[in-house]
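The figures that follow rest on heavy atoms only: side chains count, while hydrogens, waters and symmetry mates do not.
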Amino acid sequence: MKRLIMFVVLAFLANITPGFGMTTPDDEQVSSEYQPIGVRRRPTNFHRSLEAPIFAYYAAGTINLDFLENLGAATVAIQNLTAGGQVAELIDTGMGNVVIDINSILTVGDYYMTITTMSGEVYYAEFTLE
């Protein structure tokens with residue numbers, strides 16, 4: 001009988017105690033589904049921003065970058081604006097495709113990515129992972 005009462009009390013507490021068996025926004029898993037990311041070239045003329053020769057998308061904890069032309073060596077920085085954290089890598093765009101693992105900063109939230117070439121061109125993207 002004591003075991004039954006203890007079980008009922010624990011089950012009741014599990015349903016009303018905040019944080020007990022509940023998830024917080026930081027605990028939520030980011031969907032691993034494909035999500036395109038729009039990359040733009042930072043304008044030198046502030047009246048417009050240009051399409052970039054870069055096709056980017058998120059899939060399964062990675063940011064995939066497909067370069068439609070060789071931009072040379074570049075630095076990619078991806079910031080998690082919601083939970084904090086940053087991933088930065090030096091890449092060679094001549095490879096055509098680059099995959100960057102972001103599992104170390106991966107949470108549901110907003111992100112900002114910059115791709116800076118050695119010649120000084122800057123490309124950027126703002127995106128949300130849900």
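Smallest separation of non-hydrogen atoms from Glu126 and Tyr112: CG-CD1, 3.4 Å. Contact record, Arg41 with Ala52: N-CB, 4.2 Å, taken as the closest heavy-atom pair. Counting all heavy atoms, side chain and backbone alike, Leu65 lies closest to Phe67 at CB-CE1, 3.7 Å. Gly61 approaches Asp101 most closely through the heavy-atom pair O-OD1, 3.3 Å. Shortest non-hydrogen contact noted between Tyr57 and Pro36 is CB-CA, 3.9 Å. A pairwise comparison of heavy atoms in Leu90 and Ala74 identifies CD1-O, 3.3 Å as the closest pair.
The backbone N or O of Asn70 sits nowhere less than 3.5 Å from a side-chain atom of Thr93 that would complete a donor-acceptor pair. Formation of a donor-acceptor pair under 3.5 Å by the Gln86 side chain with backbone atoms of Ile105 is not found in this model.
Annotation: the span from Leu81 atom CG to Phe127 atom CZ amounts to 9.0 Å, rounded to 0.5 Å. Atom-to-atom distance recorded for Thr107:OG1 and Asp110:CG is 9.5 Å, nearest 0.5 angstrom.
Placement of Val98 and Leu68 in two distinct hydrophobic clusters is found when ILVMFWY residues are connected by side-chain heavy-atom separations under 4.5 Å, directly or transitively. In terms of hydrophobic clustering, with Ile, Leu, Val, Met, Phe, Trp and Tyr side chains grouped at heavy-atom distances under 4.5 Å, Phe55 and Leu71 are assigned to different clusters. Under the 4.5 Å side-chain heavy-atom criterion for ILVMFWY residues, a single connected hydrophobic cluster contains both Leu129 and Val39. One hydrophobic cluster, built from ILVMFWY side chains closer than 4.5 Å, holds both Ile37 and Ile91. Hydrophobic clustering, with ILVMFWY side chains joined whenever heavy atoms are under 4.5 angstrom apart, groups Met113 together with Ile100.
Looking at Asn64 and Tyr34, their side chains never come closer than 4.5 Å, going by heavy atoms from C-beta outward.
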Any chance you could lay out the side-chain contact (heavy atoms from CB on, under 4.5 Å) test for Ile63 and Tyr111, step after step, and finish with the verdict? CA-CA 11 Å; Ile63 300 294; Tyr111 290 80; over 6 Å; no
